[in-house]
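Below, chain A is the first sequence line, B the second, and so on; all start at residue 1. Values reported hereafter were calculated over all heavy atoms of this structure, with side chains retained and with hydrogens, waters and symmetry mates removed. The model shown is predicted, which means the values in this text are computed figures rather than measured ones.
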2 protein chains.
Amino acid sequence: MIKLLIGKGLEADMKKETFSISEFAKSTGVSVRTLHYYDEKNILKPKRDEHTGHRVYEQEDMIQLHKIMTMKFLGMSLDEIKAYMQANTFDLSFIDTLRLQESKLIKDREQIDIALDAIQRTVYLLENEKEVDHAVLISLLASMQNEKKQEELAKGIIKDDVMKKMFPQTAKEKMIFEQGLLTFYKRVRKHFGKSADDPEVQQMLDDFYRLILEVVGMDSLKELTDIFSLNIEDKENEERIEAYIQEIERLVPSPITEEEEAWLGQITTDYMGPLWDEEEGEN
Amino acid sequence: MIKLLIGKGLEADMKKETFSISEFAKSTGVSVRTLHYYDEKNILKPKRDEHTGHRVYEQEDMIQLHKIMTMKFLGMSLDEIKAYMQANTFDLSFIDTLRLQESKLIKDREQIDIALDAIQRTVYLLENEKEVDHAVLISLLASMQNEKKQEELAKGIIKDDVMKKMFPQTAKEKMIFEQGLLTFYKRVRKHFGKSADDPEVQQMLDDFYRLILEVVGMDSLKELTDIFSLNIEDKENEERIEAYIQEIERLVPSPITEEEEAWLGQITTDYMGPLWDEEEGEN
DNA sequence: CATATCACCTCACGTTACGTCAGGCGCAAG
DNA sequence: CTTGCGCCTGACGTAACGTGAGGTGATATG
């Protein structure tokens with residue numbers, strides 16, 4: 001910007017007109033190899049010294065190289081750049097190219113944002129836990145990786161108002177939930193095989209139940225269990241739910257073994273079942 | 001998330017334990033070639049059918065693949081992933097890896113943001129101008145590309161309060177300024193060679209002067225000209241300014257030829273010079 | 001004058017994470 | 001018997017250079 005205010009033309013110090021490749025490289029900041037490469041690929045072909053065969057760069061090449069660097073900065077490939085290097089003005093088609101670049105970059109940025117979020121949440125968990133099982137962490141990360149996809153899938157089978165309560169919304173909620181899940185899985189590993197009478201097992205289930213309630217809320221939980229309870233009255237709906245579960249399983253691997261899952265299902269019905277039946281009875 | 005609430009272990013439908021490569025590919029969403037590649041690189045080596053030599057994937061491989069996909073999603077290379085695939089728990093060193101990834105991603109995102117901003121401003125300019133000279137646009141883009149670097153360089157030689165006024169701050173200011181520069185350069189091209197007496201030339205300079213004032217402000221402009229006017233009293237300072245100009249020239253190529261620059265300098269002194277002298281005389 | 005160094009040249013392979021053929025095998029159906 | 005399917009291995013292509021290896025003309029030094 002400033003430069004424009006100066007009018008350095010006054011000095012008129014006609015600088016050295018030509019550069020050797022290393023001088024040119026230094027003054028432009030690109031590597032010698034890159035200049036070789038651009039020459040080889042017919043993107044920037046400087047004159048040659050007839051006798052020595054050395055490349056001789058001039059001011060004009062400087063301008064060309066600036067073009068190249070600029071278009072690279074916009075995210076274009078050298079092939080695209082080569083195509084645009086011919087013409088001397090940018091016209092409307094260049095706008096389209098820019099627009100295309102724009103949407104590409106926006107997509108990239110979204111991916112990066114998701115990954116960053118996942119990383120930050122993971123770092124937080126690791127800092128508190130010191131050591132975490134592979135499977136559990138992978139499961140969580142996979143879950144973060146496609147939170148959006150999961151929500152969209154869920155939209156197909158769950159009503160909007162329930163949806164809003166179903167997924168942890170704030171960053172804090174998410175962290176609490178994930179933290180809770182981690183400790184829960186640890187305890188699953190630890191107590192696996194014990195009976196539903198065991199107090200530690202009961203404590204584990206209580207804590208887990210409370211965690212879910214904390215995030216989801218009682219009424220939403222009711223609705224959820226209604227949806228997923230196998231009251232098979234609606235064939236079509238059941239198929240949709242089945243497909244949904246399949247897809248989620250593909251996206252998010254289970255952090256525990258099938259045996260552990262089975263055991264968990266067993267003790268849950270053993271322990272919680274009576275409670276739920278009681279509540280049902282109240283209606 | 002939901003899946004955890006279901007306890008599908010109840011169904012206990014021990015699914016098919018093994019997959020052919022194409023089944024495995026379909027159910028995980030990765031390509032067959034990728035699976036071949038991971039095998040070849042010892043990242044995921046499934047069992048083989050003794051007789052046919054076909055790869056036989058199991059549930060365990062599904063878990064492994066999920067690990068791989070997750071770590072890839074975090075931006076790690078397959079080499080890094082291979083290293084982490086050995087251990088079965090993530091420990092503190094993994095936090096470091098994540099932190100490193102994090103800063104890498106943040107850098108990437110910053111680059112993207114800068115490029116996006118430049119693209120959007122360029123699209124705006126192109127939409128209004130329909131056709132723009134290569135050199136001018138490149139110059140503008142190069143300028144956008146390292147706005148931050150330019151500001152930092154300027155900090156070395158210009159006082160903070162002037163700084164704040166020197167660079168266009170808001171998006172709107174930037175757009176006005178860039179738009180004005182574009183038309184200014186067009187007119188430079190058009191009128192190149194004419195004398196300072198020419199009314200069109202004078203109009204051009206007036207408009208340009210007004211544009212600068214609009215963005216920079218009168219008092220700051222005074223200070224700027226003071227800094228850059230060749231009142232050589234301070235050797236050291238002069239060298240700093242010289243180095244600054246050099247660096248800016250390296251970063252931002254001039255959008256006009258040296259002849260045009262020289263002409264511009266000439267008519268500026270011819271036309272503006274007297275005016276400035278008058279003002280000086282007032283002090 | 002011989003030689004060491006320098007800057008340059010070309011040629012060519014390595015990198016990442018696969019995509020894309022090409023040629024060949026065993027197995028089932030028509 | 002042939003056709004086709006699904007699988008196998010091997011090998012080359014991709015983007016944008018990085019990194020040597022080996023050779024040449026010009027200059028600096030002993």
Side-chain angles (χ1 to χ4, degrees), chain A residues 16 18-58 61 64-65 67-85 101 104-105 108 111 115, chain B residues 16 18-58 61 64-65 67-85 101 104-105 108 111 115:
Chain A
K16 186 169 55 168
T18 67
F19 305 86
S20 76
I21 193 168
S22 60
E23 289 167 342
F24 194 68
K26 202 178 297 176
S27 85
T28 58
V30 311
S31 75
V32 170
R33 169 60 180 147
T34 298
L35 293 173
H36 280 163
Y37 183 66
Y38 290 168
D39 189 352
E40 183 187 330
K41 289 281 170 175
N42 301 319
I43 296 171
L44 183 66
K45 291 187 96 61
K47 282 189 186 155
R48 295 296 189 123
D49 181 315
E50 285 295 333
H51 184 53
T52 63
H54 290 192
R55 292 171 179 81
V56 177
Y57 289 90
E58 310 177 28
D61 295 316
Q64 295 298 315
L65 183 58
K67 274 196 211 174
I68 296 168
M69 286 162 58
T70 298
M71 301 177 78
K72 255 192 43 176
F73 152 74
L74 293 179
M76 298 185 191
S77 74
L78 291 185
D79 271 357
E80 294 172 294
I81 292 175
K82 191 158 54 173
Y84 268 105
M85 288 288 289
Q101 280 301 321
K104 242 177 55 186
L105 289 177
D108 289 357
Q111 271 309 305
Chain B
K16 187 168 57 169
T18 67
F19 305 86
S20 76
I21 194 169
S22 62
E23 290 167 340
F24 194 68
K26 201 178 298 176
S27 85
T28 58
V30 311
S31 75
V32 170
R33 170 59 180 144
T34 298
L35 293 173
H36 279 163
Y37 184 67
Y38 290 169
D39 189 350
E40 183 187 330
K41 290 279 170 175
N42 302 319
I43 295 172
L44 183 66
K45 291 186 98 62
K47 282 188 186 157
R48 298 293 191 125
D49 181 314
E50 285 295 332
H51 185 52
T52 63
H54 290 191
R55 292 172 180 81
V56 177
Y57 289 88
E58 311 178 28
D61 296 315
Q64 295 299 314
L65 184 59
K67 275 196 210 177
I68 295 168
M69 288 162 58
T70 298
M71 300 178 79
K72 255 192 44 176
F73 152 76
L74 292 180
M76 299 184 191
S77 73
L78 291 184
D79 271 359
E80 294 174 294
I81 292 175
K82 191 159 55 172
Y84 268 105
M85 288 287 289
Q101 280 301 320
K104 242 177 56 187
L105 288 176
D108 289 355
Q111 272 309 305

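- Taking all atoms of both residues into account, the shortest heavy-atom contact from A:Lys82 to A:Lys41 is NZ-O, 3.4 Å.
- We find that CD of A:Glu50 is positioned 16 Å from C1' of D:dG25, with the value rounded to whole Å.
- For A:Glu40 and D:dC17, the CD to C1' distance is 10 Å, given to the nearest whole Å.
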**OP:** Start with the C-alpha distance between B:Asp108 and A:Asp108, add both sets of side-chain angles, then the distance that settles side-chain contact (heavy atoms from CB on, under 4.5 Å), and finish with yes or no.
**Re:** CA-CA 9 Å; B:Asp108 289 355; A:Asp108 289 357; over 6 Å; no
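- At a threshold of 4.5 Å between non-hydrogen side-chain atoms, the residues B:Lys47 and B:Asp61 do not count as touching.
- The minimum heavy-atom distance linking B:Val30 with B:Met69 is given by the pair CG1-SD, 3.9 Å.
- Taking atom CD1 of residue A:Ile68 and atom P of nucleotide D:dA15, one finds them 17 Å apart after rounding to whole Å.
- The interatomic distance linking A:Leu35 (CG) with D:dC17 (C1') rounds to 12 Å, in whole Å.
- Side-chain N/O atoms of B:Lys72 include one lying less than 4.0 angstrom from OP1 or OP2 on C:dC18.
- We find that CG of A:Asn42 is positioned 15 Å from C1' of D:dA16, with the value rounded to whole Å.
- B:Tyr57 and B:Phe24 have parallel rings, their planes meeting at less than 30° on a 0 to 90° scale where 60° marks the start of perpendicular.
- Between B:Ile21 and B:His54 the shortest side-chain heavy-atom distance does not fall below 4.5 Å.
- Contact record, A:Arg48 with A:Arg55: NH2-NH2, 3.2 Å, taken as the closest heavy-atom pair.
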Shorter than 3.5 Å, N or O on both sides, protein versus nucleotides 21-23 of chain C: list them out with atom names.
none

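- At a threshold of 4.5 Å between non-hydrogen side-chain atoms, the residues B:Leu78 and B:Lys72 count as touching.
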Subject >> Annotated protein contacts, base or backbone, on nucleotides 3-14 of chain D with a non-hydrogen cut-off under 4.0 Å, one of B, S, - each >> reply: ----SSB-B---
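- In terms of phosphate contacts, A:Thr34 brings no side-chain nitrogen or oxygen within less than 4.0 Å of OP1 or OP2 of D:dA16.
- Rounded to 10 degrees, the angle separating the terminal helix axes of the helix from C:dC1-D:dG30 to C:dG30-D:dC1, each built from five base pairs, is 40°.
- Candidate nucleotides D:dG18, D:dA16, C:dG19 were compared by shortest atom distance to the side chain of B:Ser31, and C:dG19 ranks first.
- The nearest whole Å value for the distance from the OH atom in A:Tyr37 to the C1' atom in D:dT19 is 15 Å.
- Heavy-atom minimum distance, B:Met85 versus B:Ile43: CE-O, 4.1 Å.
- Here B:Tyr38 reaches the OP1 or OP2 of C:dC18: one of its side-chain N or O atoms lies under 4.0 Å away.
- Straight-line distance from the CE atom of B:Met71 to the P atom of C:dT16: 16 Å, rounded to whole Å.
- Shortest non-hydrogen contact noted between B:Ile68 and B:Ile81 is O-CD1, 3.8 Å.
- Nucleotide C:dC18 holds its P atom 11 Å from the NZ atom of B:Lys41, rounded to whole Å.
- In terms of heavy atoms, B:Pro46 sits closest to B:Val56 at CB-O, 3.5 Å.
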Original post:
When you look at A:Glu80 and A:Met71, which way does the side-chain contact (heavy atoms from CB on, under 4.5 Å) test go after all the steps?
Top reply: CA-CA 9 Å; A:Glu80 294 172 294; A:Met71 301 177 78; over 6 Å; no
